[in-house]
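The chains referred to below are lettered A, B, ... by the order of the sequence lines, with proteins before strands, and numbering in each begins at 1. Quick caveat: nothing in here was measured; it's all calculated off a predicted structure.
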Number of protein chains: 2
Amino acid sequence: MGEGVELATIKDVARLAGVAISTASAAINRSAPVSEDVIAKVEAAVREIGYVPHGGARSLRMGQSRLIGLILPDITNPHFAKVAKVVESACLEAGYMDAVYSTSEDYDRERQILEMMRMQRVAGLIIIPTRSDAEHGARLGEQIHVPTVLLDSFVTGLPYDVVKLDNVTAGRLATEHLIGLGHRRIAVTTGRPNIVTGEDRMRGYFAAHAAHDIPVEQRLLIEGRFDQAIAHESTLRLLSQPDPPTAIFALSNMMALGVLNAVQEVGLKVPADISVVGIDDFDFANIMSPPPTVVAAPVEQMAQRAIDKLLAEIRSKAAPSGDVELFEPRLIVRASSSRPVR
Amino acid sequence: MGEGVELATIKDVARLAGVAISTASAAINRSAPVSEDVIAKVEAAVREIGYVPHGGARSLRMGQSRLIGLILPDITNPHFAKVAKVVESACLEAGYMDAVYSTSEDYDRERQILEMMRMQRVAGLIIIPTRSDAEHGARLGEQIHVPTVLLDSFVTGLPYDVVKLDNVTAGRLATEHLIGLGHRRIAVTTGRPNIVTGEDRMRGYFAAHAAHDIPVEQRLLIEGRFDQAIAHESTLRLLSQPDPPTAIFALSNMMALGVLNAVQEVGLKVPADISVVGIDDFDFANIMSPPPTVVAAPVEQMAQRAIDKLLAEIRSKAAPSGDVELFEPRLIVRASSSRPVR
DNA sequence: TTGCATACTCGAAACGTTTCGTATAGTGCA
DNA sequence: TGCACTATACGAAACGTTTCGAGTATGCAA
């Protein structure tokens with residue numbers, strides 16, 4: 001319980017068990033043939049003195065640590081928190097630890113995080129990128145020297161495996177649902193430039209319009225940046241102008257919250273006055289007012305797939321295949337969308 | 001960008017700068033007097049080959065790593081996600097990394113996490129405990145050998161500093177608010193046994209009743225365990241019985257969600273039919289139906305205080321003072337509470 | 001009895017740092 | 001000029017592992 005107590009080393013284990021250090025190591029790791037009774041003695045010694053291997057020494061000798069880095073935009077976004085939880089469980093199960101970091105879309109911070117990951121000699125990385133362009137990819141690639149999987153988005157020029165939602169379909173599903181209800185003026189809160197997740201969802205939005213011969217009005221494409229506050233603000237601005245939309249499609253969960261807030265603030269009723277559809281479900285959807293119609297993504301499954309791929313790549317020491325694995329979104333119709341009044 | 005590329009070592013830096021390894025180390029860490037031009041040469045070399053120190057080697061030599069462990073019940077609970085974010089920022093600023101782990105109240109898992117923390121020779125620990133009793137404290141204490149701060153709760157028999165909410169006051173505030181509105185039959189979703197956070201909030205609940213000479217009915221103390229699903233279920237059960245309460249006090253944010261769900265499921269209107277008050281605010285409170293009355297805790301400030309204390313303790317190498325620092329809760333009245341109809 | 005494979009076990013080196021005692025060059029003073 | 005001192009640079013040891021070549025019994029076949 002005291003501070004700074006020196007922990008037992010494998011040397012202590014070896015001495016207590018009456019064997020050589022190398023034998024103790026072999027017994028503990030089952031990395032070489034060791035007789036049954038030596039194993040027993042070593043294990044007894046380990047328990048008796050509470051030996052825990054020194055991760056640093058191990059990583060020094062072996063060239064990599066049993067640490068996996070998870071870099072995401074913001075841990076307080078429930079979507080990413082779920083990812084963190086899944087990754088953590090999988091890591092623990094596989095005998096790894098994970099270090100989770102939020103970039104907050106700050107590139108300096110991202111650099112700093114990557115540097116610490118390198119300092120810890122992490123065995124692998126899962127990255128949910130905040131930009132998809134080649135320039136950023138090049139910067140990223142320079143700093144990464146370990147197996148990596150990209151989650152939720154991809155980055156041009158990076159050879160890593162990708163696990164993500166079929167975002168075009170997600171955008172199309174949401175938009176077609178609204179069109180199907182009779183909406184013709186559908187606003188959308190856009191993502192951030194240079195991030196393909198938003199661009200793909202927009203592609204779906206455009207495709208749905210095209211398929212139904214509905215022209216897209218430029219003024220209805222409002223700024224969102226995947227940010228609740230920004231979506232909130234641009235929604236307010238949009239609604240204060242003449243000829244407002246009959247529906248708003250929020251490209252992400254946080255933006256949906258911003259939109260719903262704004263709509264309610266100006267006194268409009270959802271869905272009576274205006275319909276709202278988001279991407280990504282909420283755990284607390286049924287106590288929202290109103291429960292929102294969303295296009296849901298199988299977050300946990302995607303995260304599980306990402307960590308599985310990463311662990312496999314680490315273990316096989318194989319080069320990444322560069323595969324892009326797409327997961328299918330699913331439309332969940334609730335009370336925030338209905339036929340337009342006008 | 002390739003896999004398994006050998007990273008540059010301080011030896012490479014030294015060679016390139018034309019100095020001894022020890023000099024390079026001193027220059028990089030400013031740990032001994034080094035002439036200006038040597039520093040310049042070393043720094044140039046560091047940049048040129050992109051040298052990043054080997055954390056493992058460092059921790060081996062120095063006896064501890066620049067890693068801080070954060071152990072909490074569940075990262076997908078927004079309350080804890082906020083803690084994680086604050087701790088992460090503070091760590092990064094101080095040149096540390098942090099490793100976040102969710103115990104899910106699983107003691108085996110907790111043990112496993114603690115063991116990994118030990119393996120990594122973390123410099124310090126912030127723990128949000130899932131039990132407060134002495135037995136658990138003893139188990140915990142045995143496994144902890146580094147500076148530690150307890151957040152949100154405390155554990156009997158552990159000498160560490162504690163940062164937490166004034167939970168008795170929180171419980172009292174919520175209850176008195178309801179009593180002040182005229183409620184006399186106030187149900188409460190209890191916490192878990194052996195966890196003092198819940199017990200303290202209950203103490204506040206009892207104190208408020210006593211202060212107003214209102215008897216507490218045993219049947220209104222329903223099981224909650226800080227769990228959304230359990231609170232949901234016991235609320236359903238409670239509401240199916242005769243003479244239901246006119247208000248429900250949920251001892252935590254997750255339980256409030258469970259209660260609200262249940263109440264809505266049986267077709268009751270909040271607050272017309274029944275009032276609901278929770279502890280801990282929601283970011284999306286104003287799009288909930290109805291916006292809930294809550295007793296809010298200054299989560300971020302508390303987390304900041306905890307990590308500040310921990311870093312100070314690590315740096316000073318002082319023994320923990322064992323101080324308990326209390327933060328004051330604040331009642332936020334919204335639409336989920338009103339005068340009772342009966 | 002000898003030789004040889006088998007099954008373990010051992011000792012030493014190496015991983016990349018930091019630290020500490022020692023060496024060297026430069027400086028001021030007598 | 002010589003001496004003591006300061007400022008800086010160096011070399012080697014140590015931290016706790018894993019790995020690998022070498023060593024030692026044991027059992028079995030010849």
Side-chain angles (χ1 to χ4, degrees), chain A residues 4-42 45-46 49-67 95 116 118-123 145, chain B residues 4-43 45-46 49-67 95 115-116 118-123 145:
Chain A
V5 169
E6 294 309 323
L7 266 45
T9 74
I10 198 172
K11 202 186 280 185
D12 303 316
V13 172
R15 184 163 0 135
L16 187 58
V19 299
I21 294 178
S22 53
T23 306
S25 173
I28 290 169
N29 301 302
R30 303 283 195 283
S31 54
V34 179
S35 67
E36 283 306 323
D37 68 314
V38 165
I39 289 188
K41 275 192 296 185
V42 169
V46 165
I49 60 182
Y51 167 71
V52 178
H54 190 301
R58 219 178 224 181
S59 103
L60 173 58
R61 172 64 224 225
M62 309 214 295
Q64 67 164 43
S65 68
R66 292 186 75 80
L67 240 186
M116 302 217 93
R118 229 164 118 168
M119 196 174 310
Q120 296 299 332
R121 299 305 194 268
V122 293
H145 300 78
Chain B
V5 169
E6 295 308 321
L7 266 45
T9 73
I10 199 172
K11 201 186 279 185
D12 304 316
V13 172
R15 184 164 357 134
L16 188 58
V19 299
I21 293 177
S22 53
T23 306
S25 172
I28 290 169
N29 301 301
R30 303 282 195 283
S31 54
V34 178
S35 67
E36 284 306 323
D37 68 315
V38 167
I39 289 188
K41 274 192 295 185
V42 169
E43 286 184 339
V46 165
I49 61 182
Y51 167 71
V52 177
H54 190 301
R58 216 176 227 183
S59 101
L60 174 59
R61 173 63 223 222
M62 311 216 292
Q64 69 164 42
S65 69
R66 293 188 75 81
L67 239 187
E115 190 174 312
M116 302 217 93
R118 229 163 118 170
M119 196 175 309
Q120 296 298 331
R121 300 304 193 265
V122 294
H145 300 77

Quick one: [atom1] on [X] to [atom2] on [Y], what's the gap to the nearest 0.5 Å?
X: B:Leu60; Y: B:His54; atom1: CG; atom2: NE2; value: 9.5 Å
X: B:Met119; Y: A:Leu7; atom1: CE; atom2: CG; value: 11.0 Å
X: B:Ile10; Y: B:Ile28; atom1: CD1; atom2: CD1; value: 4.0 Å

>> Is there a side chain to side chain contact (heavy atoms under 4.5 Å, CB included) between A:Val52 and B:His145? Walk through the geometry before answering.
In response: CA-CA 12 Å; A:Val52 178; B:His145 300 77; over 6 Å; no
What is the distance, rounded to the nearest whole Å, between atom [atom1] of [X] and atom [atom2] of [N]?
X: B:Ile10; N: D:dC15; atom1: CD1; atom2: P; value: 19 Å
X: A:Ile49; N: D:dG16; atom1: CD1; atom2: P; value: 12 Å
X: A:Lys11; N: C:dG11; atom1: NZ; atom2: P; value: 13 Å
X: A:Arg30; N: D:dT19; atom1: CZ; atom2: C1'; value: 18 Å
X: A:Leu7; N: D:dT17; atom1: CG; atom2: C1'; value: 15 Å
X: B:Gln120; N: D:dC15; atom1: CD; atom2: P; value: 21 Å
X: B:Ile28; N: C:dT19; atom1: CD1; atom2: P; value: 13 Å
X: B:Asp12; N: C:dC15; atom1: CG; atom2: P; value: 11 Å

Heavy-atom pair with the smallest gap, counting every atom of [X] and [Y]:
X: A:Ala27; Y: A:Val34; answer: N-CG2, 3.9 Å
X: B:Ser59; Y: A:Gly56; answer: OG-CA, 3.8 Å
X: A:Tyr51; Y: A:Thr9; answer: CE1-C, 3.5 Å

> Please walk me through it: do B:Asn29 and B:Arg58 pass side chain to side chain contact (heavy atoms under 4.5 Å, CB included)?
Replying inline: CA-CA 12 Å; B:Asn29 301 301; B:Arg58 216 176 227 183; 3.1 Å; yes
> Is there a donor-acceptor pair closer than 3.5 Å between any side-chain N or O of B:Arg121 and the backbone N or O of B:Arg118?
Replying inline: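 Yes.
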> Is the backbone N or O of A:Gln120 less than 3.5 Å from a side-chain atom of A:Ser65, with the two atoms forming a donor-acceptor pair by type?
Replying inline: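 Here the side-chain-to-backbone pair exists.
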> Counting side-chain heavy atoms from CB outward, which of C:dT9, C:dT17, D:dT17 is closest to A:Thr9?
Replying inline: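 Nearest to the side-chain atoms of A:Thr9, counting from C-beta on, is D:dT17.
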> Between C:dC8, C:dT17, D:dA9, which nucleotide has the shortest distance from any of its atoms to the side chain of A:Ser35?
Replying inline: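 That would be C:dC8.
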>> Contact list please: residues 13-22 of chain B against DNA chain D, heavy atoms, distance less than 4.0 Å, in numerical order.
In response: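 Within this stretch, B:Val19, B:Ala20, B:Ser22 sit under 4.0 Å of the strand.
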>> Below 4.0 angstrom, which residues in residues 57-66 of chain B have at least one non-hydrogen atom near DNA chain D?
In response: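 The answer is B:Leu60, B:Arg61.
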> For DNA chain D, whose closest nucleotide is more 5', that of B:Thr23 or that of B:Arg121?
Replying inline: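 Its nearest nucleotide lies further toward 5', so the answer is B:Thr23.
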> Between A:Gly56 and B:Val34, which has a closest nucleotide on DNA chain D that is more 5'?
Replying inline: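 Between the two, 5'-proximity favours B:Val34.
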>> For a side chain to side chain contact (heavy atoms under 4.5 Å, CB included) check, start with the C-alpha distance between B:Val42 and B:Ile39, then their side-chain angles and the critical distance, and finish with the verdict.
In response: CA-CA 5 Å; B:Val42 169; B:Ile39 289 188; 5.9 Å; no
> How large an angle, rounded to 10°, do the end axes of the helix from C:dT1-D:dA30 to C:dA30-D:dT1 enclose when each is built from five base pairs?
Replying inline: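 Between the first-five-pair axis and the last-five-pair axis there is 60°.
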